[in-house]
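One structure is given here, and the rest of the page talks about it.
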Amino acid sequence: MTDTPVLHVDMDAFYASVATRDRPELHDVPVIVGGGHRGVVLSANYLAREYGVRSGMPSARARRLCPQAVTVSPEHEVFGTVSAAVVETFRRITPVVEVVSIDEAFLDVRGSVRRWGSPVEIAERIRATVHDEQGITCSVGVAASISVAKLASRRAKPDGVVVVPPEEVTTFLHPLDVGELYGVGEKTRAMLHRLGLVTVGDVAHTPLRTLQRAVGHAVGSHLHELAWGLDRREVVAKQTPVFGIGGGADPEKSMGAQQTFSRDVDDREVVLREMLALTGTVSRRMRVAEVAGRTVTITVRFADFTTLTRSRTMPEATDVTQDLYRTAVGLFDALGLQRARLRLVGVRVEGLVPRESVHRQALLGEREHGWSDADRAVDRAARRFGNAAVRPASLLG
DNA sequence: TCTGGGGTCCTAGGACCC
DNA sequence: TCTGGGGTCCTAGGACCC
């Protein structure tokens, strides 16, 4: 019987650690991963963080804060390989591994203590194994629930373990800033602070109704429970789509792609060319996943960063590039923009259903137009010769 | 040289239906 | 011969997470 069966394992500065592990010359200098033109920081090592650099920060700002930092490009394939190997390490301990993202996972070790020892011993074993086999460090939070384990791993960083026994949960939680709670971002934190609710303890001692009036019904009740360490959610064995099929990944509810232009664009033809490319990317992924969708949403971000979305739901789900693209263009033209300067465009398809559930009439319609067959020919060619080999004529040059 | 890209969930109003 | 009301779908926006 263990009272702290949930482990949250979080890689320390994952991208930066992987990118520098075989490069000793980068071990003693600030390192930033990502951050190209108009980009953001994907990850920064702890030396760079001492200068205030954080992931998600505009790279221009990061470079101002720490001009001597070395910037490296992300190698997503390597990150994926390391991540998969780490998850395998977890699976040797317990089958109940819930992969949250490329660099973190929850483990339920209830069934593992007989063989592997206490949760803390398991945590240390995992850390040692990941370090020996992958050459990177991770931190582990150990608690009775998912939400507390997640907060504990953050306190454990870098390269440590923090255990929060059940009887110490409120002592642990209540001094924390409300912004630490899962689901409290910049806006909600500012709102709560304006109300004088600064710590998790403040939230815990605020009447539920007051909280809900301030931040909405769902977020309000969610926060109130988290503030008391109430979290009934179990760890569920689950992969993420990053690792491909065959691991119990949830079916995706939407698929999309967006692109920030290297310079703002006011030419309709250039915008539509980008939307066609994005639609092609999305529909190809849909066909690989064997899904079709009914709702097309476009996103337009202007030079001043204001952003709007427009969506249209079609009578039948489709995975046909031309159908999705026509809908997207209709939405764009309905905006009636007159040479507005655009920073970004995006295309997303929602309401995804398995392709075989699509109404037969729609599939017959596709056959008549011939576009469905054309898409599949393009997919085959792309598999054989690479994505760059096949593209609409308007994307050439 | 400010601010990526891929997602999920919630809210709120209006349409529509029974 | 004032106003129902509840459920569901669609649309737009917003917040959040990694």
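Everything numeric here is computed off the predicted structure, so don't read it as measured data. Here is how names work: the chains are called A, B, and so on, in the same order as the sequence lines, proteins then strands, and each is numbered from 1.
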Exercise. Looking across every strand, which nucleic acid part, if any, lies under 4.0 Å from A:V184 by heavy atom: base, sugar-phosphate, or nothing?
Worked result: sugar-phosphate

Seminar exercise, completed: Side-chain contact check for A:K150: nearest option of C:dC18, B:dG6, B:dT3 is C:dC18

Problem set entry | Minimum-distance nucleotide (side-chain atoms of A:P58 versus B:dG4, C:dC18, B:dC2) | B:dC2

Problem set entry | 5' priority, DNA chain B, between A:A303 and A:R348 [closest heavy atom] | A:A303

Exercise. Is a salt bridge present between A:K150 and A:E180, judged by a nitrogen-to-oxygen distance below 4.0 Å?
Worked result: no

Exercise. On a whole-Å scale, what distance lies between the P atoms belonging to B:dC2 and C:dC17?
Worked result: 27 Å

Problem set entry | Candidate nucleotides B:dG4, C:dG13, C:dA15, ranked by approach to the side chain of A:L42 - the nearest | B:dG4

Exercise. Counting only N and O atoms by type, is there a donor-acceptor contact under 3.5 Å from the side chain of A:N45 to the main-chain atoms of A:V31?
Worked result: yes

Between protein and nucleic acid, restricted to nucleotides 8-10 of chain C and to nitrogen or oxygen atoms under 3.5 Å apart, what atom pairs and distances do you find?
unit_1: C:dC10; atom_1: OP1; unit_2: A:R294; atom_2: NH2; d: 2.9

Problem set entry | A:R301 charged N/C atom sitting above A:F305 aromatic ring, 6.0 Å / 45° | yes

Exercise. Which whole-number value in Å describes the distance from A:F79 CZ to B:dG6 P?
Worked result: 17 Å

Problem set entry | Minimum heavy-atom distance between A:A105 and A:V99, given as atom pair plus value | CB-CA, 4.1 Å

For this session: Starting from C1' on B:dC2, measure out to CZ on A:R61 and report it in whole angstrom.
Result: 9 Å

For this session: Starting at atom NE2 of A:H222, determine the distance to atom C1' of C:dA15, rounded to an integer number of angstrom.
Result: 12 Å

Problem set entry | Exercise: do A:R21 and A:S17 side chains pair donor with acceptor under 3.5 Å | no

Problem set entry | Donor-acceptor contact below 3.5 Å, side chain A:H27 vs main chain A:T20 | yes

Exercise. Between A:R189 and A:D177, is there a side-chain N and carboxylate O pair less than 4.0 Å apart?
Worked result: yes

Exercise. From B:dG4, B:dG5, B:dG6, pick the nucleotide closest to the side chain of A:A257?
Worked result: B:dG6

Exercise. At under 4.0 Å between heavy atoms, what does A:M57 touch on the DNA or RNA strands: base, sugar-phosphate, or nothing?
Worked result: nothing

Exercise. What's the CG-C1' distance between A:L308 and C:dT11, to the nearest Å?
Worked result: 13 Å

For this session: Answer with yes or no whether A:R63 presents, from its side chain, a donor or acceptor under 3.5 Å of a partner atom in the base of B:dT1.
Result: yes

Exercise. Below 4.0 angstrom from OP1 or OP2 of B:dC2, is there any side-chain N or O of A:R343?
Worked result: no

Problem set entry | Distance in angstrom units between A:Y182 OH and C:dC16 P, rounded | 12 Å

For this session: Flag the pair A:D202 / A:V178 as yes when at least one side-chain heavy-atom distance between them is below 4.5 Å, and no otherwise.
Result: no

Exercise. Atom CG of A:L181 to atom P of C:dC16: distance rounded to whole Å?
Worked result: 12 Å

Exercise. Within a strict 4.5 Å, meaning less than it, do heavy atoms of the A:M255 and A:L352 side chains meet?
Worked result: yes

For this session: Could you please spell out the steps behind the side chain to side chain contact (heavy atoms under 4.5 Å, CB included) verdict for A:M191 and A:L195?
Result: CA-CA 7 Å; A:M191 154 76 76; A:L195 294 171; 4.3 Å; yes

Exercise. Which residue, A:G56 or A:A218, contacts DNA chain B at a nucleotide closer to its 5' end, judged by nearest heavy atom?
Worked result: A:G56

Problem set entry | Strand DNA chain B as a dot-bracket string - pairs counted if Watson-Crick or G-U with both distances under 3.5 Å, | where the partner lies in another strand | ....||||||||||||||

Exercise. CG of A:L344 versus P of B:dC2: gap in Å, rounded?
Worked result: 17 Å

Exercise. What's the closest nucleotide to the A:T309 side chain, out of C:dA12, B:dT11, B:dG4?
Worked result: C:dA12

Problem set entry | Nearest-Å distance for atom pair NE2/C1', residues A:H37 and B:dG4 | 12 Å

For this session: Between C:dA15, C:dG13, B:dG4, spot the one nearest the side chain of A:T188, thanks.
Result: C:dA15

